[in-house]
There are 2 protein chains.
Amino acid sequence: MRKASALKVASVKAPPVKRPRAVPAQPALSVRERILEVAERMFAEHGMSGVGLRAITTEAKVNLASIAYHFGSKDGLLEALFAQRAAPIAQERLRLLAECLEKSAKPKLEDILDAFLRPALTLGVQPQFGGPAFVKLRARLATEPETTTRKILSKAFDQSSRQFIDALIKALPQMPRPEVEWRFHFMLGAMFYTMADSGRIQALTNGRVDPGDVKRALHHMIPFLAAGFRSAPVV
Amino acid sequence: MRKASALKVASVKAPPVKRPRAVPAQPALSVRERILEVAERMFAEHGMSGVGLRAITTEAKVNLASIAYHFGSKDGLLEALFAQRAAPIAQERLRLLAECLEKSAKPKLEDILDAFLRPALTLGVQPQFGGPAFVKLRARLATEPETTTRKILSKAFDQSSRQFIDALIKALPQMPRPEVEWRFHFMLGAMFYTMADSGRIQALTNGRVDPGDVKRALHHMIPFLAAGFRSAPVV
DNA sequence: ACAATAAACAAACGACTGTTTACATCGGCG
DNA sequence: CGCCGATGTAAACAGTCGTTTGTTTATTGT
């Protein structure tokens, strides 16, 4: 039963050497961090069942058993990934939403959409950390019906999503709730497909449309969705 | 090499019962058809790399090597699946589109959207064959960046997609082409996410919104998207 | 300094991967 | 009959899968 000790996790590194200067050229990632970083990239690129632990540990230059040691299991690795990445996104979403709501009792639709979409598309896009890997990963898991991944997704984002639906209803007082919910669903679809950056629309348009261009994507997506949300509810 | 002894017959079972009746209640699927049917369902549910050939052949009650024999490889099986399923969808799309175009030189936006979305969501939804398996499978593959699957997708649907973009431009003469292309991309997202039926929006709405209800989904989706398409182009 | 604990490691576990092989069976034709 | 090509099949191939094992190395607390 070594598992019990493994769950203890990590202890904070405890720097034995005092760093005289911050920001060294090589941040000297720990084993844990290296695994997370590589796994994020590879899960995003090939899907959960498309990558083996050996591929991850080899690329991360880490022992195979390290994953079991630090994360318990492959699923545990995915959970840790989400625990690290999803929280900042949900948090930033709610911060921006609060900004919208405190400005006026009837918030502006476009601002709400922006508050929801922008963090999802931009946060975690740090070139030094493998770029938009988590964005892609999220889009990929969104279409997987496996119950384990669904639980992770739902735990990470359900609460903030509910708050956004409520905010959208405030912004569209005449709209029946189910109608708002359907439209929220379509918005999720447009968002995830943009995040997935599948290359299909590039191919269809000779590269004119590039979902990886986040600024432009938001610039086109928000007015499009806003018009959809504002259209008359269907009978 | 192979021990020539020990092979013994088996020939067990051998039901020589001649079927006296044509077209029995069970169409008596061929091996090929049984594999396709089961593979479609299982690929949709667990993804390409999530199902093994043994799982498929066991469920289809078929020999393991049959897949290699009939389809060459696992990828060949996927290609055969698309060759069988995608063509009718693309064909029906173009038929409906032609109907729109011959009615008037400036076709109605809603009709074009309907012509694009309805076949994707409804064709192949045969409850006796495991329901909307191909619909789900397509949504799943749409977010996979693997080049092999992308080629299959693109071969099956690119041509008809281009024609729809052109038709949309006809319906929206004042709209710049890139804007139409962006909006087409968002439409694809809403469509695929509805097809994936990931369960997320059901969870968020206590089941009020069910993307699996195709009639209702189209009923909400088309006006939503039409309003988005008609909104003023962004600068 | 010494024991306790955390971290890393090579090696192996059994089960499963897609593919290939060599052989058996079959209906139809000469 | 014998031969044919198409079809079906058990077994093996050469790996990879996620996980577990027992052990060794590093770091910590006292």
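Proteins get letters first, then strands, A, B, ... in listed order; numbering begins at 1 in each.
- In this structure, CG of Leu77(A) is placed 10 Å from P of dT19(D), rounded to the nearest angstrom.
- Because its NZ or CZ atom is not both nearer than 6.0 Å to the ring centre of Phe224(A) and within 45° of the ring axis, Arg183(B) does not count as a cation-pi partner of that residue.
- The NZ atom of Lys74(B) sits 19 Å away from the P atom of dG15(D) (whole-angstrom rounding).
- When distances are taken from the side chain of Asn63(A) to each of dA7(C), dA8(C), dG8(D), the shortest belongs to dA8(C).
- Among the atoms of the strands shown, none is found under 4.0 Å from any heavy atom of Val62(B).
- Distances were taken from every side-chain heavy atom of Ala65(B) (C-beta onward) to each of dT9(D), dA12(D), dT20(D); the shortest belongs to dT9(D).
- Protein atom CZ of Arg54(B) is 13 Å distant from nucleotide atom P of dA11(D), rounded to whole Å.
- A straight line from CZ of Phe71(B) to C1' of dT19(C) spans 16 Å, rounded to a whole angstrom.
- Both Leu64(B) and Arg34(A) sit near DNA chain C, but only Arg34(A) has its closest nucleotide nearer the 5' end.
- Taking the side chain as every heavy atom from C-beta outward, Phe157(B) and Leu188(B) never approach each other to under 4.5 Å.
- Side-chain contact between Leu29(A) and Glu37(A): present, with at least one pair of heavy atoms (C-beta onward) separated by less than 4.5 Å.
- Atom CG in Leu53(B) sits about 16 Å away from atom C1' in dA15(C), given to the nearest Å.
- Between Ile56(A) atom CD1 and dG18(D) atom P the separation is 8 Å, expressed in whole Å.
- Checking dT19(C), dG18(D), dT20(D) against the side-chain heavy atoms of Ala68(A) singles out dT20(D) as nearest.
- When side chains are defined from C-beta on, Phe192(B) does not count as touching Thr143(A), because their heavy atoms never get closer than 4.5 Å.
- Rounded to whole Å, atom P of dA8(C) lies 13 Å from atom CG of Leu29(A).
- Rounded to whole Å, the distance from CZ on Arg32(B) to P on dT7(D) is 10 Å.
- Side-chain N/O atoms of His70(A) include one lying less than 4.0 angstrom from OP1 or OP2 on dA8(C).
- For dT7(D), one of the phosphate oxygens OP1 or OP2 lies less than 4.0 angstrom from a side-chain nitrogen or oxygen of Tyr69(B).
- In this structure the side chain of Ile201(B) never reaches within 4.5 angstrom of the side chain of Trp182(A), judged on heavy atoms.
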